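For reference, the structure discussed in these notes is given below.
A note on names: the letters A, B, ... follow the listed sequences, proteins ahead of strands, and every chain is numbered from 1. Source: prediction; values computed, not measured.
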There are 2 protein chains.
Amino acid sequence: MAKVNQQLIADKLNICRTTVSRCFSNHPKINPETRAKVLELAAQLGYRYTAQRAPRNPEKQTAREIGVLIGVRPDMTELPATSQYMLKGISERAAAQNLALDVRYIDPAELDEMLQSTSRTPKGLRAGNGTWKGAILIFPFTTETIVNLSRRVSTVSIAEDYSQGGIDCIDVDHHAGIYDMVSHLADLGHKRIGFLSWRYSVESPWMYRRFGAYVDSLYRLGIDFDPELALNVRKGEDLSVEQLADTVAQQIENGVTAWVSAADHQAYRLIADLQKKGISVPRDCSITGFDGIEPPLGMPRLTSIKVPFDEMGVSSVIRLLERMKNPAGHRRHNLVEGRIVIGETTQSL
Amino acid sequence: MAKVNQQLIADKLNICRTTVSRCFSNHPKINPETRAKVLELAAQLGYRYTAQRAPRNPEKQTAREIGVLIGVRPDMTELPATSQYMLKGISERAAAQNLALDVRYIDPAELDEMLQSTSRTPKGLRAGNGTWKGAILIFPFTTETIVNLSRRVSTVSIAEDYSQGGIDCIDVDHHAGIYDMVSHLADLGHKRIGFLSWRYSVESPWMYRRFGAYVDSLYRLGIDFDPELALNVRKGEDLSVEQLADTVAQQIENGVTAWVSAADHQAYRLIADLQKKGISVPRDCSITGFDGIEPPLGMPRLTSIKVPFDEMGVSSVIRLLERMKNPAGHRRHNLVEGRIVIGETTQSL
DNA sequence: ATAAAAAATGCACAAAGATGCACAAAAAGC
DNA sequence: GCTTTTTGTGCATCTTTGTGCATTTTTTAT
């Protein structure tokens with residue numbers, strides 16, 4: 001078999017090897033489609049790109065700039081506080097690596113429009129000196145946007161798992177966190193432990209990841225998994241927030257003593273709803289959350305997993321730089337473990 | 001037997017001794033693949049490199065050194081081939097970062113003993129110039145070993161998830177891989193899809209991870225999960241390999257048309273066992289694996305996930321350096337996505 | 001519609017990577 | 001001490017990759 005190098009890729013695609021080289025070295029003037037083709041073939045052939053080290057003209061080293069895109073829909077009145085923590089980590093690492101940042105709060109729909117344009121660098125995304133060398137995404141965008149953007153520049157997402165988009169993702173370690181929650185409950189003597197989530201208009205991969213981890217944890221701890229205790233996970237099952245509380249209350253009657261909620265805000269709402277029905281947490285049942293947000297006024301602190309957003313920010317920059325070095329490499333999921341916070345919503349049986 | 005020196009290694013690999021020398025002396029212009037081969041063979045032959053005392057250029061900074069510990073029990077007759085791919089990635093990145101490597105094949109029990117010693121740096125682990133600045137672990141060690149080692153130096157593990165040990169782990173993305181397998185089967189029209197694994201004397205977190213991902217994938221694709229179709233996952237369930245094949249055959253009778261196996265070697269064995277019972281794959285049922293190993297002689301290639309060991313090696317060095325910079329940071333799980341390989345063991349219903 | 005600007009790609013050459021040869025320096029043996 | 005063995009390094013050679021500049025194609029402006 002022929003040696004896998006740029007020449008081979010060029011021959012197979014009937015283009016000049018120079019073009020192939022430029023696809024890897026983040027040259028600004030490469031057709032996104034060509035780039036996509038080259039990177040895909042490279043991945044297939046198992047070509048491993050290693051950048052040549054010393055740059056030809058050391059003084060020409062212009063400051064590299066990366067874009068940080070924070071998706072904010074116009075109807076959102078207040079910005080989620082989490083983005084601040086991520087930005088802190090991002091800017092800390094960017095400074096250390098001598099990277100300039102271009103932070104933009106942007107409506108996902110607007111970004112999508114910009115990227116529809118066939119030209120390589122949409123005006124709106126053009127930075128002062130030139131083009132971005134990479135992009136970090138915070139909060140959800142559409143898969144289409146992701147694909148269009150990642151063909152142009154190396155892209156990394158924080159906290160959103162674009163399973164279809166094929167980009168690197170920095171996320172909290174859902175699996176480890178849920179395992180901590182389930183084994184905390186098991187340690188407290190709970191045997192009938194349910195899982196619940198809300199339904200959102202868009203698919204939420206994190207919910208499935210957490211659910212999968214819940215099942216895994218039960219089996220690992222030797223507790224049987226009862227599909228009846230997984231609420232709002234099955235496709236087509238679409239309980240409203242109120243129905244969810246009803247079902248939970250009913251299952252508590254049936255002997256369920258603990259619930260793993262897919263997210264803190266869902267859990268706080270549930271606790272309030274159960275309280276209205278005369279069910280007290282943690283007296284009548286224990287509840288755990290995930291995310292570690294501050295409790296709403298007057299609510300007890302949830303037993304939860306605190307997500308280290310700043311470390312995730314740091315990791316996103318590290319990963320982005322690696323992605324830029326090797327654009328055709330395998331996709332990554334870099335997971336940061338959250339810390340368990342024992343609150344007032346779980347108690348021993 | 002001939003004396004173990006660089007010449008011997010060079011002869012065995014059919015390369016110039018100079019090249020071998022450069023592999024050890026941290027020369028920057030050495031092909032990572034060559035270096036990996038040399039380091040691996042050297043470790044196997046028991047060649048211990050000791051840098052010549054007075055370096056020619058005294059101003060030349062001494063490289064930091066990290067240890068690569070490959071766990072090999074004495075009863076293992078042949079070394080798993082995968083370690084070489086990991087070493088390739090490790091050496092590539094180590095060279096770029098000016099890190100020297102000390103590769104050792106070691107019996108986990110022996111390492112455990114060394115680490116029992118109260119002194120900070122066990123003699124056996126002392127490198128030529130000084131102590132390791134970090135360690136990369138390949139293949140399983142005991143949790144105790146991990147804890148002892150990670151107290152001394154920053155430690156990263158490849159492919160083994162020490163949930164209790166608290167160290168960073170580089171692994172294949174079990175979740176993404178299993179989702180690829182399940183949705184591949186779903187695309188082919190399969191609705192009754194089982195999951196199976198072998199039981200090992202030690203807990204295998206990867207098996208649970210893959211199982212959790214299987215359940216998650218079913219739910220995400222709108223297929224009901226039937227606990228009866230998860231073989232050898234429940235605690236206490238301990239089917240032998242033969243019993244497993246029996247149960248599978250029986251479930252195929254009951255209308256199961258596809259099986260997700262937790263690992264390739266298990267799947268190949270299953271296919272052989274089923275054949276003896278007159279059940280043909282993929283005619284009577286489809287089977288998928290995980291790992292992407294080469295099919296045993298005369299077997300059809302499995303539909304599987306090919307694990308990119310070299311990229312995992314690269315990632316391990318990156319992570320180790322970050323860990324060294326920030327020993328107190330949150331624990332990470334860095335997952336590299338494998339590539340789906342469509343083989344001859346799955347077909348449309 | 002037409003000119004101007006920008007993007008995309010190829011060509012030729014320069015620079016870095018990879019490795020062998022010859023020789024020098026260090027270590028080991030006596 | 002001297003000789004033999006082992007290891008490190010400069011130099012030469014071939015391979016692979018990056019970049020300036022020219023040319024062609026596409027987009028934008030008038």
Side-chain angles (χ1 to χ4, degrees), chain A residues 2-11 13-38 42 45 47-62 114 116-123 125-126 130-131 133 151-153 324-328, chain B residues 2-11 13-38 42 45 47-60 62-63 88 91-93 95-96 98 100 128-129:
Chain A
K3 233 184 229 170
V4 184
N5 54 24
Q6 295 184 355
Q7 189 65 59
L8 180 73
I9 296 171
D11 291 346
L13 292 174
N14 248 332
I15 54 176
C16 181
R17 185 199 50 78
T18 312
T19 307
V20 176
S21 168
R22 283 193 250 255
C23 288
F24 290 106
S25 56
N26 299 308
H27 190 282
K29 287 178 184 170
I30 279 291
N31 188 327
E33 266 169 51
T34 310
R35 192 175 129 100
K37 268 192 242 159
V38 168
L45 296 173
Y47 174 74
R48 159 157 282 281
Y49 172 75
T50 38
Q52 288 198 359
R53 243 186 273 154
R56 209 64 52 89
N57 306 349
E59 80 281 352
K60 201 197 154 194
Q61 189 88 326
T62 54
M114 283 181 184
Q116 293 299 334
S117 121
T118 46
S119 91
R120 213 191 106 68
T121 40
K123 283 250 170 48
L125 294 186
R126 210 164 298 178
T131 335
K133 296 279 185 268
R151 278 186 183 175
R152 295 175 157 90
V153 290
M324 282 156 55
K325 272 192 207 160
N326 183 5
Chain B
K3 231 183 226 171
V4 183
N5 54 25
Q6 294 184 353
Q7 190 63 59
L8 180 72
I9 296 171
D11 291 345
L13 293 174
N14 247 332
I15 54 176
C16 181
R17 187 199 49 77
T18 313
T19 308
V20 176
S21 167
R22 283 194 251 255
C23 287
F24 293 108
S25 60
N26 220 29
H27 191 284
K29 290 178 185 174
I30 279 290
N31 188 328
E33 212 171 321
T34 309
R35 190 194 298 262
K37 275 191 221 154
V38 168
L45 295 174
Y47 175 77
R48 181 79 13 103
Y49 171 74
T50 41
Q52 288 198 359
R53 250 183 247 149
R56 212 66 53 89
N57 307 347
E59 78 280 354
K60 192 181 139 202
T62 54
K88 179 191 163 206
S91 113
E92 175 189 319
R93 195 41 170 254
N98 196 32
N129 298 332

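Here the SG atom belonging to A:C23 is positioned 6.0 Å from the CD1 atom belonging to A:I15, to the nearest 0.5 angstrom. Here the CZ-CD distance, from A:R17 to A:Q6, works out to 5.5 Å after rounding to the nearest 0.5 Å. The CG atom of A:N31 lies 9.0 Å from the CZ atom of A:R152; values are rounded to the nearest 0.5 Å.
Dashed line: the shortest gap from a side-chain N or O of A:Y49 to OP1 or OP2 of D:dG18 is under 4.0 Å. Of the side-chain N and O atoms in A:Y47, none sit less than 4.0 angstrom from OP1 or OP2 of D:dT16. Side-chain N/O atoms of A:T19 include one lying less than 4.0 angstrom from OP1 or OP2 on C:dG10. The side chain of B:T34 places an N or O atom within less than 4.0 Å of a non-bridging phosphate oxygen (OP1 or OP2) of C:dT19. In this model, the phosphate group of D:dG8 is approached by a side-chain N or O of B:Q6 to a distance below 4.0 Å at OP1 or OP2.
The distance from atom CZ of A:R48 to atom C1' of D:dT17 is 16 Å, rounded to the nearest whole Å. Rounded to an integer number of Å, the gap from CG of B:D11 to C1' of C:dG20 is 14 Å. The CZ atom of A:F24 sits 15 Å away from the P atom of D:dT16 (whole-angstrom rounding). Whole-Å rounding puts the A:I30 CD1 to C:dG10 C1' distance at 11 Å. Between B:E33 atom CD and D:dT16 atom C1' the separation is 15 Å, expressed in whole Å. Atom CD of A:Q7 and atom C1' of D:dG18 are 14 Å apart (whole Å). Rounded to whole Å, the distance from CZ on A:R22 to P on D:dC21 is 13 Å. Taking atom NZ on B:K29 and atom P on D:dT16, their separation rounds to 16 Å, with Å as the unit.
As judged by a 4.0 angstrom heavy-atom cut-off over every strand, B:S21 is placed among the base-contacting residues.
Under the 4.0 Å criterion applied to side-chain N and carboxylate O atoms, B:E92 and B:R35 are not assigned as salt-bridge partners.
Among all heavy-atom pairs drawn from A:A328 and A:F24, the shortest one is CB-CE2, 3.8 Å. Contact detail for B:P32 and B:S91: the closest heavy-atom pair is O-OG, 3.3 Å.
For A:N5, the listed nucleotide lying nearest its side chain is D:dT17; candidates were C:dC11, C:dC21, D:dT17.
Proximity of A:K325 to A:Y49: side-chain heavy atoms (C-beta onward) are nowhere separated by under 4.5 Å.
Comparing B:R17 and B:N31 against DNA chain C, the residue whose closest nucleotide sits nearer the 5' end is B:N31.
Comparing the start and finish of the helix from C:dA1-D:dT30 to C:dC30-D:dG1, five pairs each, the helix axis swings through 40°, to the nearest 10 degrees.
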